[in-house]
Engineer: 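Mind looking over this structure? Questions follow.
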Amino acid sequence: MNVLALLQRKLQEALSGLANDPAAYSGMLKPAQDTRFGDYQANCAMPLAKQLDKKPPEIARAIVERLHLEDVLEPPTIAGPGFINLKLRDEWLARQVRAMTKGDRLGVAPVENPRTFVVDFSSPNVAKPMHVGHLRSTIIGDALARLLRFLGHNVVTDNHLGDWGTQFGILLYGYKNFLDASAFAADPVGELARLYVHVRKQMKKVVNAQGEEEEDANDPIAQAARAETAKLHSGDTENLNLWQQFMPHCYEEIERIYRRLDVCFDHTHGESFYQPMLADVVRELRLHNIAQESEGAVAVFFGEKDSPALIQKRDGAFTYTTTDLATIRYRLEQWNPHAILYVVDFRQGLHFKQLFDIVRRWGYEKIELQHISFGSVLGEEGRPISTREGTGALLDSLLNEAVAAAARVYEQNQAEETSQLSDEERRRIHEVVGIGAVKYADLSQNRTSDYRFSLKKMLAMDGNTATYMQYAYARNRSIFRRGNIEVAAMRNDPPPVLLTVGEERSLALQLLRFHNALLVAAAEYKPSAITGYLWDLAKTYSGFFQNCPVLKAETAELRQSRLLLCDLTARVIQRGLDLLGIRTVERM
RNA sequence: GCGCCCGUAGCUCAGGGGAUAGAGCAUCGGUUUCCUAAACCGGUGGUCGCAGGUUCAAAUCCUGCCGGGCGUACCA
């Protein structure tokens, strides 16, 4: 049940005789900002009164008279300059919450018109170890895919690995010139990482016009690395063999991380997969005069003042624009999606703007292309973390630290509930709590803001964190253990819900908002809408837990009712966290 | 130069036309015969970068300025 949508629909009906464009005003119905005003508020009377040259309270009264929701709402009140304050009837609220227990969708109906989404996320350069910079794309993309799927859409996840670009030229150059063969035999992934960083460091830096350091394109090593890339792309046997030798180790490394993060993909078509299609793309774009030769390269031009996008370099190598174009065509042919979502750092905004522009000119007009951009990862001091240096801030060690921090908190906790657990169970709890903390720290932040990487903040386990939700969940489950409650029976035959005190009512109201929170998160592609909702829910539940005895409730009916509210809360928390890719534990 | 983004409490950030601007952390104080204190309750803390404008109503929209980040032809 989506309460907000119901109220807005009814408001729109009520407005149909009053306003010319009711839809423009029905959106002005929102959850109340202050609970003293009620549960929801409609702010449309003021602008409408202005338009009709009437007094706002008069219009508000007219709206209220036409709003036929007597079974849903208490009589609405009009306050201040013309706010219409709405409060749900307790009986109605109780019935709706009870209805949520049926099935496993928690009142969230699948969308009426399912769409097909391709979600392109994570996409690391596999030539180097995964870095905290890869975290955002990976977990935001995974969360969006989970959410869209739950809402009933068709979702294809595709990890567009960087397995064919310049970074492999660097590896090839490093392998040929600086290889430590015994190190490679012992730890191929580690040696490849070392080579990558080593070669990068050899390259000269120049100071540009803005006085900043940047890489010198004329540096001999940079040129040599580019030449290795070009040879690989043109089918050089030696380079191709080396590449094939490197790849399994690269896969192994990223797979290990994905297993730990509980992230998986339907497809892993890296850049190399599209390599055979690239020459065709360039040929076609030239044929249609979308691309032209320019300064020895092949480029697509935009406005006078805008810089072009290269689809083939002077040395013959293709660029990631070319690969992305081939990828779009492949995805269209393969899955015929309504939309492709690219979960990528905002710094690639221009690339996607150009890419989408080229796709339109190429003739693909219907497909929705979205750059789901997110702020870049900054270091503790606020400067962007360089992914090129390759040192420090490795994803793997971050996860280890998070799990260790969770273990420390756990060991300090003297709770009777957890004192008897086996080592294996404890390790599992540390892992779930630690990884959850890292994921949540990222997901709870507004996607579009820059992300200041703070180990302390990421490992925080109080406040608005996954741990807080997991803890609320674990305490909740403990009630059912201690009471020997059969949840299945209760879910099949839910008892009536009684709202006798404010804490019960607030909890019921918050539970009913789950559906809308998911829709907002999906509409804006913002997982933070889910974390915000869960934080409110868990806080509301904590108030309930504190003040409302469940097993020792005054009457059997009240006990049943509260058990139902508890069970529903646990299920919503668990499902909400699940949509974020975060797990729960039964005790902690 | 041009383009995109950001400036809100000591710190990290929500809110992006609506009532007295919110939260977490930090700080100060209180709560455990009671289903997990990884919890709860309360206090302190704000010229919403600055200046104009639009509006019944601006932190929110528009313009300009100041400060910061990022991008801008052969990295991805």
Side-chain angles (χ1 to χ4, degrees), chain A residues 28 30 32-34 36-37 41 43-44 46-47 49-50 56 79-83 85 123 125 162 164-167 169-170 215 217 222 225-226 229 271 294-299 305-315 317 319-321 323-324 344-351 353 373 375-376 378 382-384 387-388 406 409-410 412-418 433 444-446 448-450 452 454 456-457 460-465 467-468 470-472 474-483 528 532 535-536 539 542-543 545-553 562 566 587-588:
Chain A
M28 296 181 187
K30 303 171 176 184
Q33 294 215 328
D34 189 322
R36 282 175 312 173
F37 300 134
Q41 63 181 60
N43 302 334
C44 52
M46 287 86 80
K50 178 75 179 171
F83 298 106
N85 291 326
S123 309
N125 289 334
W164 196 248
T166 309
Q167 71 278 9
I170 290 171
E215 274 153 25
R226 275 202 302 278
T229 310
E271 293 173 333
S294 171
E295 299 177 26
V298 181
K305 286 191 282 184
D306 303 320
S307 48
L310 297 192
I311 56 172
Q312 188 164 19
K313 295 188 267 184
R314 200 178 301 152
D315 64 7
T319 70
Y320 74 145
T321 302
T323 314
D324 279 350
V344 181
D345 188 319
F346 86 100
R347 285 177 290 191
Q348 294 195 33
L350 179 61
H351 164 68
K353 186 168 174 284
S373 83
S376 42
L378 309 179
R383 304 281 313 163
T387 56
R388 292 181 179 173
V409 178
Y410 180 97
Q412 281 164 19
N413 184 7
Q414 301 297 319
E416 176 196 344
E417 278 283 340
T418 53
V433 173
S444 60
Q445 179 146 352
N446 186 335
T448 56
S449 319
D450 275 352
R452 183 173 295 221
S454 156
K456 190 177 162 219
K457 193 182 167 189
M461 307 220 177
D462 48 13
N464 183 7
T465 61
T467 310
Y468 183 90
Q470 288 164 332
Y471 182 63
R475 287 202 297 180
N476 179 309
R477 295 335 287 171
S478 146
I479 294 173
F480 289 80
R481 273 197 305 276
R482 289 190 180 242
S528 59
W535 167 239
D536 286 338
K539 264 193 302 191
S542 283
F545 182 84
Q546 199 79 12
N547 294 297
C548 302
V550 177
L551 295 175
K552 294 178 184 169
R562 287 181 176 170
C566 281
R587 313 162 199 254
M588 61 188 276

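Per chain, numbering begins at 1; letters A, B, ... match sequence-line order.
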Engineer: Would you mind classifying the nucleic acid contact of Lys30(A) as base, sugar-phosphate or nothing, using non-hydrogen atoms under 4.0 angstrom?
Structural biologist: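 Result for Lys30(A) = sugar-phosphate.
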Engineer: Are any of Tyr320(A)'s side-chain N or O atoms less than 4.0 Å away from OP1 or OP2 of A76(B)?
Structural biologist: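 Answer no for this pair, as no side-chain N or O of Tyr320(A) is under 4.0 Å from OP1 or OP2.
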Engineer: Counting any heavy atom closer than 4.0 Å, what does Arg314(A) reach on the DNA or RNA strands: base, sugar-phosphate only, or nothing?
Structural biologist: base
Engineer: Distance check: side-chain N/O of Ser528(A) vs OP1/OP2 of C13(B), anything under 4.0 Å?
Structural biologist: no
Engineer: With a 4.0 Å cutoff (strictly under), does any side-chain N or O of Gln167(A) reach OP1 or OP2 of A76(B)?
Structural biologist: no
Engineer: Any donor-acceptor pair under 3.5 Å between the side chain of Ser444(A) and the base of A14(B)?
Structural biologist: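 In this structure, the two groups form no donor-acceptor pair.
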Engineer: Is the shortest distance from a Lys or Arg side-chain nitrogen in Asp345(A) or Arg347(A) to a carboxylate oxygen in the other one below 4.0 Å?
Structural biologist: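 A salt bridge is present here (some side-chain N lies under 4.0 Å from a carboxylate O).
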Engineer: Within the modelled atom types, does a donor on one side and an acceptor on the other bring the side chain of Asn413(A) and the base of A38(B) under 3.5 Å apart?
Structural biologist: yes
Engineer: Verify the contact: side-chain N or O of Asn125(A) to OP1 or OP2 of A76(B), cut-off strictly under 4.0 Å; return yes or no.
Structural biologist: no
Engineer: Using a heavy-atom cut-off of 4.0 Å across all strands, would you classify Cys44(A) as base, sugar-phosphate, or nothing?
Structural biologist: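 Answer is nothing: Cys44(A) stays at 4.0 Å or more from every strand.
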Engineer: Between the base of U20(B) and the side chain of Arg36(A), is one N or O donor paired with an acceptor at under 3.5 angstrom?
Structural biologist: yes
Engineer: What nucleic acid atoms does Leu310(A) come within less than 4.0 Å of, heavy atoms only: base, sugar-phosphate, or nothing?
Structural biologist: base
Engineer: Looking at A73(B), I'd like to know if its phosphate oxygens (OP1 or OP2) sit under 4.0 Å from a side-chain N or O belonging to Ser307(A).
Structural biologist: no
Engineer: With sugar-phosphate meaning primed atoms plus P, OP1 and OP2, does Glu295(A) contact a base, only sugar-phosphate, or nothing at under 4.0 Å between heavy atoms?
Structural biologist: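 Base contact.
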Engineer: What nucleotide among U12(B), A76(B), C34(B) has an atom nearest to a side-chain atom of Lys552(A)?
Structural biologist: C34(B)
Engineer: With a cut-off of less than 4.0 Å, is there a side-chain N or O of Arg481(A) near OP1 or OP2 of C35(B)?
Structural biologist: no
Engineer: Using only side-chain N and O atoms of Asn446(A), determine if any of them is under 4.0 Å from OP1 or OP2 of A14(B).
Structural biologist: yes
Engineer: Do Gln470(A) and A38(B) share a donor-acceptor pair, side chain to base, under 3.5 Å?
Structural biologist: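 Side chain to base: no pair below 3.5 Å.
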Engineer: Which part of the nucleic acid does Thr323(A) contact within heavy-atom distance under 4.0 Å: base, sugar-phosphate only, or nothing?
Structural biologist: nothing
Engineer: Scan nucleotides 56-61 of chain B against the protein and return all N/O pairs shorter than 3.5 Å with their distances rounded to 0.1 Å.
Structural biologist:
residue : atom : partner  : partner atom : Å
C56(B)  : OP1  : Lys50(A) : NZ           : 2.2

Engineer: Base, sugar-phosphate alone, or nothing: which one does Lys305(A) contact when heavy atoms must sit under 4.0 Å apart?
Structural biologist: nothing
Engineer: What is the separation between atom NZ on Lys456(A) and atom P on C25(B), rounded to the nearest whole Å?
Structural biologist: 11 Å
Engineer: I'd like to know if Asn85(A) reaches the base of A19(B) with its side chain such that a donor and an acceptor end up less than 3.5 angstrom apart.
Structural biologist: yes
Engineer: Under 4.0 Å from OP1 or OP2 of C25(B): is there any side-chain N or O of Tyr468(A) that close?
Structural biologist: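 No, because none of the side-chain N or O atoms of Tyr468(A) sits under 4.0 Å from OP1 or OP2 of C25(B).
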